[in-house]
Each structure stands twice: as C-alpha cells, then as structure tokens.
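Working notes, structure below.
In what follows, chains are A, B, ... by sequence order, proteins preceding strands, each numbered from 1.
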Protein chains: 2
Amino acid sequence: MGRKEKDKQEIEDVRLKILEAAKNLFLKEGYEATSIRKIAAEIKLSPTTIYLYYKDKNDIAYTLHKEGFKILGQQFAVLQHVESGFERLKAMGKIYISFAIQNTDFYQLMFIMKEPMEFIADKDFCEWEEGEFAFGALQKTVSDCKAEGYFKGMNDNNVALNVWALVHGLCSLKLQGHLDHVASAHLHVPEDRNILDEAFETLVLMLEKMK
Amino acid sequence: MGRKEKDKQEIEDVRLKILEAAKNLFLKEGYEATSIRKIAAEIKLSPTTIYLYYKDKNDIAYTLHKEGFKILGQQFAVLQHVESGFERLKAMGKIYISFAIQNTDFYQLMFIMKEPMEFIADKDFCEWEEGEFAFGALQKTVSDCKAEGYFKGMNDNNVALNVWALVHGLCSLKLQGHLDHVASAHLHVPEDRNILDEAFETLVLMLEKMK
DNA sequence: TTTTTTAAATTAACGGTGTTAATTATATTT
DNA sequence: AAATATAATTAACACCGTTAATTTAAAAAA
C-alpha cells in the first residue's frame with residue numbers, strides 16, 4: 001500500500017538532473033554563485049528537495065569533482081600510447097596545465113577547494129577511482145622515465161609528487177590571481193608569451209638534467 | 001564648527017583595534033568563521049562601523065595578508081647571512097614549508113585565497129612591499145646559486161618561479177586536504193615520517209642535479 | 001468507489017552572511 | 001542654548017545552507 005517508491009533508476013535520473021543544473025550554473029557563474037536555491041530554481045524544484053537526493057552542498061561539489069577527474073583522466077588516457085616515458089611526462093604536464101586553464105572551475109573543485117575533500121572525509125569508506133587513475137598514470141610515467149635513466153637514486157612516488165606539486169603550484173597560483181600579481185611586479189615576460197608556458201619550458205630544462 | 005574630526009592617528013588606532021579583533025578570530029576559528037558581525041562584537045562596535053574604517057571584508061583580508069608577508073619576510077631575512085646560495089635556497093624551502101604548516105590560516109590568506117588579490121585588483125595602484133621582499137629574496141638566492149654553477153642556461157626568474165611553485169604546490173595540496181587523500185591511497189609513507197619532508201628531501205636531490 | 005496509507009515534495013522557519021541607506025547620538029562652535 | 005558636522009548606530013535588503021513540520025499525490029485496501 002502507499003505511493004510507489006522511486007526505483008534506483010528514477011532516483012538516479014533526478015540526481016542527474018540536479019547535477020546538470022548545478023554544473024551549468026557552476027560553469028557559467030562559478031562555485032561561489034552556485035547556491036542550492038539557484039540550482040533548485042533552474043529545474044523548478046523547491047530547494048529542500050535537493051536534500052532528498054544529495055546529503056548537502058559538499059556532496060554536489062564532490063560529485064562534480066569526480067566528473068572533473070573523469071575529463072582529465074580521459075585526456076591522460078590518450079597519452080598511454082606515447083612510448084617514451086619522458087615524452088609522456090612532458091605531455092602530461094602540458095595537458096595538466098591546459099586543463100587547468102581551460103576548466104578553471106573544475107580545477108578549483110578538483111585541486112584547490114576543501115569542500116569536496118571534506119565530504120569524502122565524512123564518508124566511512126572512500127572510493128576514488130577517478131583520481132586514482134590520474135595519479136596512477138603519473139606514477140607509471142615516472143617509473144618509465146626511471147627505466148630510461150632519469151631520476152636515479154630517487155623515490156618514484158616522491159618524484160611523482162614533486163612533479164605534480166610543481167605544475168599544480170603554477171596552475172593554482174595562476175588561477176587564484178597570485179601569479180599575475182608577482183609577474184607584473186617582478187617578472188618581465190615577453191608580451192606575446194604566457195607566464196605558465198615560459199615557466200614550463202624551464203621546468204622541461206630542469207627535468208632534462210635529471211638524466 | 002561641528003564635532004571634532006578624528007585625526008590620522010585616531011583613525012589608525014581604530015583600524016588597528018578592528019584588525020586585532022579580526023586576527024584573533026581568524027587565528028582561532030579560521031577565515032570562514034570570521035564575520036564582520038563577530039569582529040564588531042569582539043570590540044563592542046556595531047557591524048556597520050567597520051565599514052567606516054575598511055572598505056569591505058576583502059580589505060581586512062588584504063591587510064592581514066600583508067601581516068603574513070611581514071612574518072614570512074622576517075624569517076627569510078635571517079637567511080641573508082647564509083653565504084652559500086644553494087644552502088640558502090634549501091633553507092628557504094624548509095622555512096617556507098614550516099611557515100605554511102605552522103601558520104595555515106595566514107598561508108591561505110597569502111597564497112591560496114582569491115579575496116586579498118581581488119581587493120588589490122580593485123585598487124588603482126598596488127603597493128606590495130611585503131611580498132616583493134619575499135620573492136625578491138628568492139630571486140637573489142637563485143641568482144647566487146647560478147653564480148655557484150647551478151641552473152646553467154636557465155632563466156633566473158623562471159627557475160625562481162618553478163621553485164616557488166613546487167613548494168607552494170606541496171603546501172597547498174597539504175593544507176587543502178588533497179595530499180593526505182592521495183597519500184593514504186597511493187603513497188606508502190613511513191609512520192614516523194612526514195609526506196612533505198619526504199618530498200622535500202627528493203626535491204633537494206633534484207636541485208643538486210642542477211649543477 | 002471511497003478510504004487509508006505512504007512516499008515525495010513543499011512551505012515555513014532558523015540562524016546566519018556581507019553590505020547600504022536612513023537615522024540617531026555626540027561633541028564642538030557659534 | 002542652538003546650530004552643525006561628524007561618528008556611530010539601527011533598520012533593512014537580499015542572500016545563504018539547512019532542518020522541521022506540513023501538504024500533496026498516488027497506490028493499495030476496504
């Protein structure tokens with residue numbers, strides 16, 4: 001007796017509809033401006049209905065964060081066909097940086113904001129397939145580089161972490177407005193050149209010395 | 001005629017009182033929890049009075065951000081007595097990282113949050129003595145390293161930027177909760193060791209190869 | 001067919017936020 | 001004592017995330 005309970009598929013459909021609305025808003029106006037109320041209005045639901053499908057706003061942030069990792073992962077996946085580890089490492093860096101620049105909102109969600117991580121922390125078990133794939137690809141690439149004679153005497157994981165930290169550092173300083181600030185005051189960059197590209201070129205020179 | 005206008009000093013006194021309250025709150029409960037209303041309550045002023053002394057919340061964020069740079073700058077200043085450029089570079093890295101870990105809130109304000117930068121962007125001219133000093137110290141150190149034979153054929157500024165980006169990348173990933181997430185899943189770190197210290201050790205190995 | 005039941009969705013409300021406009025309090029000078 | 005200029009205040013706007021209480025709607029039972 002009673003009203004028909006929504007089955008798994010129907011629930012997933014609503015979840016997706018909410019997520020689409022959230023994504024559109026968030027890609028158009030950024031995370032800050034993406035409120036539960038606005039998401040609800042977009043799909044003609046009452047704000048509180050959202051809470052029947054997502055635990056809280058961090059839950060939505062985390063779900064979008066996973067989408068971001070899927071996109072980045074797909075871009076990395078293409079590189080698995082590059083044989084040379086070192087060439088692949090360089091390409092990964094370039095892809096990572098252009099992903100950050102072209103998907104600034106996703107990047108913030110994936111690597112800068114605390115919120116999605118807080119959601120994970122609250123969960124008992126953490127599934128993280130998407131992120132695992134991306135970092136795993138970097139780890140494999142570093143170990144391939146090692147087989148090619150690079151990074152002798154260094155711990156693979158630490159090298160991977162440092163490489164990630166470097167490109168993330170560049171991207172996050174750029175996206176958060178800190179880089180342009182320093183650049184205009186302290187770095188004379190040729191008009192037609194991009195600070196990140198300049199820096200990345202030097203990074204490649206540094207990596208080449210690792211052989 | 002009329003009520004006595006507050007002179008420069010009196011205005012500065014109130015500004016400082018507000019800033020002290022803001023700092024206390026922000027060091028105790030973080031930036032998020034530091035609202036204009038709470039700051040005002042702390043010093044028994046009405047919330048709107050704050051706006052007579054600071055343009056908006058970003059103004060306060062920016063003023064605290066400058067304080068942070070003063071602290072970091074003082075720590076860097078001590079290192080100017082280290083003769084060897086390379087030794088100084090390593091020490092700067094260690095100091096930067098421990099500053100980030102021990103002053104997480106200041107670090108967020110200085111290098112992660114957009115707000116203080118947004119305030120600067122709104123101003124017509126940008127004074128940035130504090131930050132200039134810190135980055136200038138790094139630039140000088142890199143050029144000293146170069147004189148010692150490191151970073152041959154590389155642009156000084158780009159090297160400095162990359163070094164900064166790397167340590168910032170490590171710190172920000174750590175502070176924002178992204179590092180622990182990856183670490184538990186992908187990096188087996190010895191119980192008694194810190195991920196950042198581990199990574200930094202490898203960074204030093206990498207820098208040593210730059211000679 | 002009508003009543004009961006139950007899940008889904010809604011409205012109302014709480015306790016906050018940054019910020020601005022309008023008003024009041026206060027001290028000084030005429 | 002009255003007028004005035006400035007400092008500080010109150011009231012208000014337009015939001016926010018989230019929870020509790022309520023209503024709507026559809027399926028099952030009578």
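B/Glu5 places its CD atom 15 Å from the C1' atom of C/dT29, with the value rounded to the nearest Å. If you take CD of A/Glu115 and P of D/dG17, they are 11 Å apart, rounded to a whole angstrom. A/Lys4 has its NZ atom 11 Å from the P atom of D/dA26, to the nearest Å. Per the geometry, CG belonging to A/Asp59 stands 14 Å off C1' belonging to D/dG17, to the nearest Å. C/dT20 atom C1' lies 13 Å from atom NZ of B/Lys55, rounded to whole Å. The NZ atom of B/Lys6 sits 11 Å away from the C1' atom of C/dT26 (whole-angstrom rounding). Atom OH in B/Tyr51 sits about 18 Å away from atom P in C/dA22, given to the nearest Å. One atom, CG of A/Leu52, and another, P of D/dT24, lie 17 Å apart when rounded to the nearest Å.
At least one side-chain heavy atom of B/Leu179 sits less than 4.5 Å from a side-chain heavy atom of A/Leu161. Taking the side chain as every heavy atom from C-beta outward, B/Ile39 and B/Ile60 approach each other to under 4.5 Å. For the pair A/Met154 and B/Met206, the minimum side-chain heavy-atom distance is below 4.5 Å. Using a 4.5 Å heavy-atom cutoff, the side chains of A/Glu12 and A/Leu16 are in contact.
Contact check, A/Lys57 against D/dG17: a side-chain N or O comes under 4.0 Å of OP1 or OP2. For D/dA8, the OP1/OP2 oxygens have a side-chain nitrogen or oxygen of B/Tyr53 closer than 4.0 Å.
Within residues 21-49 of chain B, the residues that place at least one heavy atom under 4.0 Å from DNA chain C are, in residue-number order, B/Thr34, B/Ser35, B/Ile36, B/Arg37, B/Lys38, B/Thr48.
Counting only heavy atoms from C-beta on, B/Arg3 has its side chain closest to D/dA5 among C/dA9, C/dT19, D/dA5. If you check D/dA8, D/dT18, C/dT19 against the side chain of B/Asp56, the one that comes closest is C/dT19.
Residue-to-nucleotide proximity on DNA chain C shows that, of A/Ile11 and B/Asn58, the 5′-proximal contact is made by A/Ile11.
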Steps toward ring-ring contact (aromatic ring centres under 6.0 Å, His included) verdict (B/Phe69, B/Phe135): CA-CA 10 Å; B/Phe69 270 105; B/Phe135 192 73; over 10 Å; no
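For the pair A/Glu10 (side chain) and A/Asp7 (backbone), a donor-acceptor distance under 3.5 Å is present. Of the possible donor and acceptor atoms, none in the side chain of B/Tyr31 sits under 3.5 Å from a partner among the backbone N and O of B/Phe26.
Summarising the geometry of A/Met117 relative to B/Gln176, their closest heavy-atom pair is CG-O, 4.0 Å, with the distance given to 0.1 Å.
B/Glu20 and B/Asn24 share no side-chain donor-acceptor pair at under 3.5 Å.
Across all strands, A/Tyr54 comes closer than 4.0 Å to no nucleic acid atom at all (heavy-atom distances).
Between its opening and closing five pairs, the helix from C/dT1-D/dA30 to C/dT30-D/dA1 changes axis direction by 50°, a value rounded to 10 degrees.
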